[in-house]
Amino acid sequence: MLGKGTLCFSGLFLTISCLFVYRLILHPLSRFPGPKLAAATKWYEFYYDIVKSPGGQFAKEIERMHDQYGPIVRINPDEIHIRDPLWFDTLYAPNPTQRDKYPPAARMAGLPLGSHGTVEHGIHRKRRVANAPLFSKRAIISDGQNLIQQHVKELIGIFEEHFTEGKPIQLDTVLLAFTTDTLYHYAFDRESGLMSDPKAARSWRNAMVSVAAATPFIKQFPWILRIVRAFPHAVLSYLLPDVSRLLGVHMTMMSLVSEYIATRDDRPRPTEKELQGDSNTKIGLERPPTLFHSIERSALPPHEKSAVRLQQEGTTMLFAGSETTARLLAHTIFHLLDNPDVVQKIKDELLEVMGDDKQIPDLKILEKLPWLTASVRESLRLRAATTSRLPLVSKTTLAYKGWVIPANTPVSMSHPDVLHNPTIYPEPLKFDPERWFNPSEQANRSFVAFGKGTRMCQGMDFAYAEMYITLATLFLRFDLELFETYRGRDIDYVRDCFLAEASPSSQGIRVKVVSNSGKYIN
Ligand code: HEM
């Protein structure tokens with residue numbers, strides 16, 4: 001007689017064997033190239049992202065798969081990945097092409113009600129439209145740049161303080177405090193006060209490091225966030241400090257929403273004409289004071305304006321818009337200091353447009369400066385900030401070369417495959433701003449640092465404004481040098497935690513102020 005244990009084990013063995021046979025032989029993706037083990041089980045991905053040191057290694061394993069199997073690969077039982085820059089515009093096509101986000105990818109940040117976490121194409125469009133008035137170029141030119149300058153002045157104060165004390169500046173922390181303060185002010189009309197509180201700034205930085213560390217894990221088990229939310233905060237911070245810090249950010253945003261709801265002005269809703277931004281009506285032109293007002297004034301139905309929806313959109317914005325730009329700024333400063341001739345060219349072109357004026361020029365002028373523009377663009381290309389593949393789902397079949405990808409299959413591509421393609425960008429890992437002086441049409445089309453299509457970055461113009469104004473001011477005002485910062489250890493991408501992460505042994509990006517001109521912005 002067989003024991004119960006043996007029966008259970010045999011049953012399990014049979015079920016798993018049937019599943020493997022289905023996935024490898026009968027599944028609609030069974031003919032696509034790729035490793036059999038990856039096609040059979042998602043534990044393959046788990047191994048590379050969680051077990052293999054230093055974590056977040058599946059993105060690199062996908063590269064290896066392409067080297068072996070070609071441009072189209074089945075990377076797990078359900079998903080196809082394509083490495084071909086010429087196909088990027090097909091997958092990440094603009095509206096009206098309909099693309100849903102693959103639900104496991106959408107759930108990754110635990111914010112399914114925020115625009116970035118929205119699965120369905122139609123709902124995503126409406127949520128984006130509701131946020132748009134805050135992030136329009138016009139709003140950034142009229143309000144954003146003054147506000148950014150205001151916070152850059154504070155940043156100058158921090159640089160001066162470090163100069164006086166002869167201490168290196170930890171750019172990762174200081175610039176994150178700067179981008180968070182600025183975004184808080186712009187999107188929520190509140191002070192987060194991180195730049196004036198170094199301890200709080202370090203703690204926020206640690207929260208971001210924790211979020212990055214937790215990301216590969218949450219990517220594998222997105223349901224974990226729902227379960228841990230039920231834990232008391234004290235228990236959670238003891239058991240899972242990284243996840244607890246992440247949920248702490250969600251809670252802080254909920255307090256902002258509660259404050260907003262308690263004090264909001266319950267004026268009648270604007271008319272349809274006003275909502276559509278008619279040029280003769282005020283509401284369409286006015287920048288809403290906060291993201292919450294922007295959503296409230298939109299044509300979204302009432303359930304889309306609930307407290308939890310506002311909280312999730314607000315948290316999405318905070319995550320999407322603070323660490324990304326801070327990191328980009330820090331990386332650009334690194335590459336510029338590593339190439340002092342480019343710094344000199346940026347200073348020369350700035351001084352030329354300024355003449356006798358002692359103020360940093362308007363954003364519209366900065367955006368026309370060739371060396372500053374090329375350096376920002378080159379840094380964005382080289383950094384390829386989003387290293388995770390970005391899976392979308394098409395409701396109709398997709399064709400790639402001779403392959404027909406069945407409808408509803410998650411298909412992904414990865415930004416570094418495009419931004420570091422050696423045919424489009426020769427010597428792709430070299431910081432070479434000059435490549436943007438006379439770029440090929442393909443080089444321009446393949447500049448996907450902010451994504452493309454319907455899911456493209458919504459804060460791109462805000463990020464550009466922060467980068468232009470900050471870099472111009474810092475390099476005119478100060479002479480800087482790198483402090484114990486090395487490309488291999490502190491800059492290059494080693495782990496994929498949605499964003500590119502450097503080696504765990506990195507000490508961060510640090511600089512010292514060598515001299516302070518005391519000029520330009522007082
Ligand atoms: C240099 C800085 C930045 C880079 C490189 C960057 C890059 C990106 C990329 C690649 C995506 C697409 C991600 C995906 O498809 O999953 C994205 C989405 C997004 N970004 Fe950014 N971003 C930056 C700064 C910002 C800023 C400053 C904000 C807000 C103020 C912002 C807000 C967003 C939002 C809301 C989304 C989601 C868009 C959607 O799904 O509709 N980003 N960003």
Side-chain angles (χ1 to χ4, degrees), residues 88 91-92 94-95 99-102 104-109 111-132 134-137 139-140 144 147-148 175-176 178-188 215 219 290-291 294-295 312-332 376-393 410 412-416 418-419 447-471 498-500:
F88 201 87
L91 183 59
Y92 303 99
N95 208 37
R99 297 276 185 262
D100 285 354
K101 197 169 244 191
Y102 182 42
R107 283 198 296 263
M108 218 164 94
L111 298 164
L113 302 177
S115 45
H116 188 256
T118 307
V119 169
E120 208 267 318
H121 173 88
I123 301 175
H124 174 257
R125 290 301 314 149
K126 291 184 187 144
R127 289 181 177 167
R128 249 184 101 104
V129 169
N131 299 343
L134 198 66
F135 293 105
S136 70
K137 182 85 183 183
I140 288 158
L147 191 140
I148 293 167
L175 291 173
L176 178 63
F178 161 69
T179 54
T180 310
D181 279 3
T182 311
L183 189 59
Y184 237 73
H185 196 164
Y186 187 74
F188 308 113
T215 299
K219 200 165 100 187
T290 69
L291 177 67
S294 193
I295 296 172
Q312 293 209 7
E313 195 67 271
T315 312
T316 299
M317 246 0 125
L318 196 57
F319 281 136
S322 52
E323 178 70 354
T324 42
T325 318
R327 220 63 96 72
L328 228 301
L329 272 169
H331 275 247
T332 314
V376 167
R377 206 166 165 81
E378 178 65 348
S379 181
L380 281 159
R381 183 199 68 77
L382 186 53
R383 168 82 181 135
T386 312
T387 38
S388 268
R389 64 190 197 270
L390 302 169
L392 296 180
V393 175
S412 54
M413 299 183 78
S414 305
H415 288 183
V418 181
L419 294 166
F447 182 73
V448 299
F450 290 100
K452 276 197 165 186
T454 49
R455 307 279 175 158
M456 187 179 176
C457 178
Q458 196 161 24
M460 181 179 76
D461 288 321
F462 193 77
Y464 270 126
E466 285 187 300
M467 288 191 277
Y468 273 103
I469 295 169
T470 312
L471 292 169
F498 189 75
L499 296 182

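Both counts, for ligands and for their atoms, begin at 1 and track the order of listing. This chain uses plain numbering: 1 for the first residue, then up along the sequence.
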- Message: Is it the case that the side chains of His121 and Asn95 hold a donor-acceptor pair, with the cut-off being a distance below 3.5 Å and no angle test?
- Response: yes
- Note on the structure: Per-atom filter on ligand 1: closer than 4.0 angstrom to a heavy atom of Ala449 are 5 (C), 7 (C), 10 (C)
- Tell me, please: is Phe135 in heavy-atom contact with ligand 1, that is, under 4.0 Å? yes
- Residue pairs passing the salt bridge (charged side-chain N to carboxylate O under 4.0 Å, His left out) test where at least one lies in residues 115-128, sequence neighbours excluded: Arg127-Glu304
- Query: Does His415 come within less than 4.0 Å of ligand 1, judged by its heavy atoms?
  - Reply: yes
- Message: Testing the basics here: between Ser379 and Thr332, what is the closest heavy-atom pair and its distance to 0.1 Å?
- Response: OG-OG1, 2.8 Å
- Task: Tell me which protein heavy atom sits closest to atom 40 (O) of ligand 1, plus the residue, atom name and distance to 0.1 Å.
- Result: His124 NE2, 3.3 Å
- Query: Does even one non-hydrogen atom of Lys101 get within less than 4.0 Å of ligand 1?
  - Reply: yes
- Query: Protein N, O or S atoms less than 2.8 Å from atom 21 (Fe) of ligand 1, ignoring waters?
  - Reply: Cys457 SG
- Message: Could you check whether Arg377 makes a cation-pi contact with Phe447, meaning its NZ or CZ is under 6.0 Å from the centre of the six-membered ring and within 45° of the ring axis?
- Response: yes
- Query: Quick check: does any side chain N or O of Glu466 sit under 3.5 Å from a backbone N or O of Thr325, one acting as donor and the other as acceptor?
  - Reply: no
- Query: How about Phe462 and His185: are their ring centres within less than 6.0 Å of each other?
  - Reply: no
- Note on the structure: Contacts satisfying side-chain hydrogen bond (donor to acceptor under 3.5 Å, both in side chains) that involve residues 455-465 (not counting sequence neighbours) are Asn131-Gln458
- Message: At less than 4.0 angstrom from any non-hydrogen atom of Leu328, what atoms of ligand 1 do you find?
- Response: 1 (C)
- Query: What residue and atom, counting heavy atoms only, is the protein's closest point to atom 12 (C) of ligand 1, and at what distance?
  - Reply: Arg455 O, 3.6 Å
- Query: Can you pull the salt bridge (charged side-chain N to carboxylate O under 4.0 Å, His left out) pairs that have at least one residue in residues 383-393, sequence neighbours excluded?
  - Reply: Glu45-Arg389, Glu79-Arg389
- Message: Show the atoms of ligand 1 that are less than 4.0 angstrom away from any heavy atom in Leu183.
- Response: 30 (C)
- Identify the residue among Glu313, Gln312, His124 that makes a side chain to side chain donor-acceptor pair (under 3.5 Å) with Ser115. Glu313
- Query: What class does the angle between the rings of Tyr186 and Phe135 fall in, given that below 30° is parallel, 30 to 60° is tilted and above 60° is perpendicular?
  - Reply: tilted
- Using a strict 4.0 Å cut-off to heavy atoms of Arg128, name the atoms of ligand 1 that fall inside it. 38 (C), 39 (C), 41 (O)
- Heavy-atom nearest pair, Met467 first then Phe450, reads CE-CZ, 4.4 Å
- What residue and atom, counting heavy atoms only, is the protein's closest point to atom 14 (C) of ligand 1, and at what distance? His116 NE2, 3.4 Å
- Contact partition for Thr386 relative to ligand 1, non-hydrogen atoms under 4.0 Å: side chain
- Note on the structure: Looking only at heavy atoms, the pair that brings Ala465 and Ile140 closest together is CB-CG2, 3.7 Å
- Residue Met456 vicinity, atoms of ligand 1 by number, heavy atom under 4.0 Å: 38 (C)
- Ala105 and ligand 1 - part of the residue with a heavy-atom distance under 4.0 Å: neither
